[in-house]
J.: 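So that we are looking at the same thing, I have put the structure below in structure tokens.
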Amino acid sequence: MTVSSKTSAPGAVTCVLDQTVVNDKTIGDMADLGLSFFATLCGRNRGAFVLDTPGDAHTWGCTAFPDNIATLAGLDLSSSRDNKNTNRSNTTHHEKKASVIHIKDANAISQGFAAGNLTAAETVTVLDYFIKMVYHSSPNVDQDPYACEVGGLATLQCDPVNTLPTIRSVTLAGLLVPAPTITGGKPLTLKQAAKFYEPEDFDDMVELGLNTVQIPVPLDVFSAALVGDVTAKKDSSHADEQKALLSQTIRAAAKAGLETILVLVGEDNDDAVTAAAHFAVEENLYALTLPSLQSLRAARAAGTSLKLFIPLDQGQLKYLTVPDENVFVALDFGHTTTVADIASSTSMDDRSKLFYHEATSCIARSPLEYTACFRRVPAMVAYGFDLAIDNCVLQNSTDSNDFVDYGQCGRFDETVDSAWWHRHRASFAARQLVSYEHGLGWSFAAWKLYGGSNDKDDLEVIDHPAQLLALKNVAAAGLFPSLHDKVPAQLACLNPPVNDFLLGDATLSPTPGPPPDCGNGWWNYDLKACEYWIAPAPTAQPTPLPTTHWPTAAPVVCPDPPFTYGSLVMAGGAGALVAVLVGFVWNKFCGSRRREGYSEVPSTTV
């Protein structure tokens, strides 16, 4: 069902550098300026772009910029001036640079900044212009939620759309809808559920910085019982008890200062949806999440002021239209839904898999911004925010169909006391957080585990996969960014994650040092030579292959990628990170950057 849109059509939409992340104060903290931008921009459209300048009938690209690109970007680089790039330790304020600065290709941007020929502010301006031109040259941007994706460093700009204060929520998993991963493998009785979430839990949520709870509830709770039917009367009595527990929980949350989003779970039923919508209005709830778009009209019977969320996955975004400004999107960003997401069979695989999830988490802002700009509907991440990188929590499930063994489990103990796992899990959390806050907000998978310890020392130790789904455990373990201090999380995507998953610590034997230094390129272990996005001067000589043998991964094949690269090298160094990161992202989204072509695994949603 598609509903005709009554929202205003978007004005001009453009993709620009996000200068709340990359600006003249932060650009000097980027580990590899060229890698962060060119791995994406030079891989898009064959690296080609055209200008929006009338009469410029020429195709440009990463290897050949127009001579006047600085002028086009609004800069004057024609006169001699002091080097004011104080972000680099190898330059001083008194150094004089060439009288004319040419930005001949993509590499010249990072090289000019490194040498001090471009100030931080000038570099930001040129990068911003480069991003705009690549975006404006990309086809079908109105149909591609990832057309403005530059590793989390770019943002879509468009006319403002109706929005809400940022939602920072947690899902009360297991309360009324079964969540075996949270409740010890089996559903709770109503008596158990009534004692699960206590008043102090809601106080702790507020102290952490949350402002909302999301409560899944069976749609049957709001179904009308058939008069005279004994079974229906029994079901109705149970539904009344569930509704009483729901109201009790809503009041406890409100007393602590938390809003409630009610999530209806079940098949569409107009009468039940209308009853649930009236309940939401009577209880003064923040919003109601419908079973699907099909129920929108039934929910609107309770009034047009009730905020309604429509559950969607990313593939449905480009077809969405909605009828009014009080309809929003609840997105599923589950990241343990395919074999590629969860499969691993060695300690090395486990680590590279977490790196993979880290590396792709910053691009999640793109569909959120696309939905607001092109579909004119703000979206929140309602499902999929957690720190799990596999489905091992289902390993001992009573339903054997819920779990398939790809070798991904059995090594969790290696992560318990590992500083490496702590660092990268914290990075994964921060990257998801900053990405999701570019939409309406988010809801973490669960608050706590049923029967879990409240002892502070126990909470600080993550020794079971299910704890990665529980915000109380994640926060106590120091893995969650402070919601009271925005700056550290906001810069979480400034650099790619550190690719040190081969370097070892107490839980993995140390391995050799970094591969040869290829400058702005990377070492190709097949060719035994450096490779570059843009070839250096002919005098550049490849660094000899070291005597140490490094492990390599097989090349990843995707139909007609817009770039070439050698085998993905599981090793340290900026060049290796290019191959690893680009390979991971390309194969995850294959050009359209959506989850297509991978076998789905049974749902791990809580």
Side-chain angles (χ1 to χ4, degrees), residues 164-179 181-184 187-222 237-265 275-289 302 306-307 309 330 380 382-383 385-386 441-456 459 467 469-476 480 483-484 606:
L164 303 171
T166 300
I167 298 169
R168 292 172 166 176
S169 174
V170 69
T171 302
L172 302 189
L175 180 69
L176 293 171
V177 173
T181 56
I182 300 302
T183 59
L188 300 180
T189 65
L190 271 178
K191 185 176 181 180
Q192 290 171 323
K195 297 181 179 179
F196 188 8
Y197 295 101
E198 301 172 321
E200 50 265 34
D201 285 313
F202 300 114
D203 292 335
D204 290 344
M205 294 174 194
V206 172
E207 183 177 354
L208 186 64
L210 303 184
N211 55 25
T212 309
V213 293
Q214 184 172 253
I215 307 179
V217 58
L219 188 56
D220 291 345
V221 169
F222 300 99
S237 176
H238 182 66
D240 288 342
E241 292 176 356
Q242 289 178 301
K243 192 182 296 185
L245 175 56
L246 176 60
S247 295
Q248 173 187 323
T249 306
I250 291 169
R251 287 193 294 270
K255 185 176 180 180
L258 296 165
E259 301 274 10
T260 295
I261 298 175
L262 198 64
V263 181
L264 300 180
V265 179
H278 282 296
F279 174 85
V281 172
E282 292 166 3
E283 294 282 348
N284 195 30
L285 301 188
Y286 186 74
L288 180 69
T289 300
L306 175 62
K307 290 186 282 291
F309 280 87
M380 73 171 286
Y383 313 98
F385 189 5
D386 57 60
W442 45 268
S443 188
F444 204 85
W447 172 245
K448 67 177 184 179
L449 305 181
Y450 181 75
S453 172
N454 286 321
D455 183 83
K456 184 175 182 295
L459 288 172
Q467 293 170 325
L469 306 174
L471 184 55
K472 184 175 182 178
N473 294 85
V474 167
F480 202 73
L483 296 177
H484 304 290
V606 182

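For reference, positions follow the sequence shown, starting with 1. Note that the structure is a prediction, hence the values are computed from the model and not measured.
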J.: Would you find a donor on one side and an acceptor on the other, under 3.5 Å apart, between the side chain of K448 and the backbone of F196?
T.: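 It does hold such a pair.
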J.: Look only at the side chain of N211 and the backbone of T166, and say whether a donor-acceptor pair between them is shorter than 3.5 Å.
T.: yes
J.: Going from CG on L469 to CG on L449, what distance comes out if it is rounded to the nearest 0.5 angstrom?
T.: 7.5 Å
J.: Run the side-chain hydrogen bond (donor to acceptor under 3.5 Å, both in side chains) test against T260 and tell me which residues pass, sequence neighbours left out.
T.: none
J.: Where do D203 and A256 come nearest, in terms of heavy atoms and distance?
T.: OD1-CB, 3.6 Å
J.: Are the side chains of W447 and I182 in contact, using a 4.5 Å heavy-atom criterion?
T.: no
J.: Looking at CG of L245 and OH of Y197, how far apart are the two atoms once the value is rounded to the nearest 0.5 Å?
T.: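 Atom-to-atom, L245:CG and Y197:OH are 11.0 Å apart.
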J.: So do T289 and L262 actually touch side chain to side chain, heavy atoms under 4.5 Å?
T.: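 Side-chain contact under 4.5 Å: no.
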J.: Any heavy-atom pair between the side chains of E198 and D201 that's under 4.5 Å?
T.: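 Yes. Closest side-chain heavy atoms under 4.5 Å.
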J.: As a quick check of understanding, evaluate side-chain contact (heavy atoms from CB on, under 4.5 Å) for H238 and L190, giving each step before the final call.
T.: CA-CA 9 Å; H238 182 66; L190 271 178; 3.5 Å; yes
J.: Do R168 and W442 have side chains that get closer than 4.5 Å, going by heavy atoms?
T.: yes
J.: Report the distance from atom CG of L210 to atom CD1 of I167, rounding to the nearest 0.5 Å.
T.: 12.0 Å
J.: Looking at every non-hydrogen atom in both residues, tell me the closest pair between A445 and A173 and how far apart they are.
T.: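 Looking at all heavy atoms of both residues, the shortest contact is O-CB, 3.9 Å.
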J.: Tell me, do L176 and V221 make a side-chain contact under 4.5 Å, heavy atoms counted?
T.: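 L176 vs V221: side chains apart.
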J.: What distance separates I250 CD1 from L258 CG, expressed to the nearest 0.5 Å?
T.: 12.0 Å
J.: Only counting residues at least two apart or in another chain, list the ones meeting side-chain hydrogen bond (donor to acceptor under 3.5 Å, both in side chains) with E241.
T.: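 If we apply the side-chain hydrogen bond (donor to acceptor under 3.5 Å, both in side chains) test to E241, skipping adjacent residues, there are no hits.
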J.: Can you tell if the side chain of L459 reaches within under 4.5 Å of the side chain of K472, non-hydrogen atoms only?
T.: yes
J.: Please indicate whether E207 has more than 12 foreign heavy atoms, meaning atoms of other residues, nucleotides or ligands, lying under 6.0 Å from its CD.
T.: no
J.: Any idea which heavy atoms bring P218 and Q242 closest together, and the distance?
T.: CG-NE2, 4.2 Å
J.: Can a donor-acceptor pair be found between the side chains of S169 and S443 at a distance below 3.5 Å?
T.: yes
J.: Only one of L246, L172, V263, L175 clears side-chain contact (heavy atoms from CB on, under 4.5 Å) with V217; which?
T.: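 Answer to the side-chain contact (heavy atoms from CB on, under 4.5 Å) test with V217 among L246, L172, V263, L175: L246.
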J.: Measuring from T183:OG1 to Q192:CD, what's the distance to the nearest 0.5 Å?
T.: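 Spacing of OG1 (T183) from CD (Q192) equals 8.5 Å.
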J.: As an exercise, state the distance from CE of M205 to OG1 of T212, rounded to the nearest 0.5 Å.
T.: 11.0 Å
J.: Would you indicate whether the side-chain heavy atoms of I261 and M380 approach each other to under 4.5 Å?
T.: yes
J.: Can you see which heavy atom on F279 is nearest to which on K243, and at what distance?
T.: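 So the two residues come closest at CE1-CG, 3.9 Å.
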J.: Going by salt bridge (Lys or Arg N to Asp or Glu O under 4.0 Å), name the residues that satisfy it together with D204, two or more places apart in sequence or in a different chain.
T.: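 For D204 there are no salt bridge (Lys or Arg N to Asp or Glu O under 4.0 Å) partners, ignoring immediate neighbours.
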J.: Can you find a heavy atom in the side chain of L208 that is under 4.5 Å from one in the side chain of L471?
T.: yes
J.: Parallel, tilted or perpendicular: which describes the rings of F480 and F444, with under 30° parallel and over 60° perpendicular?
T.: perpendicular
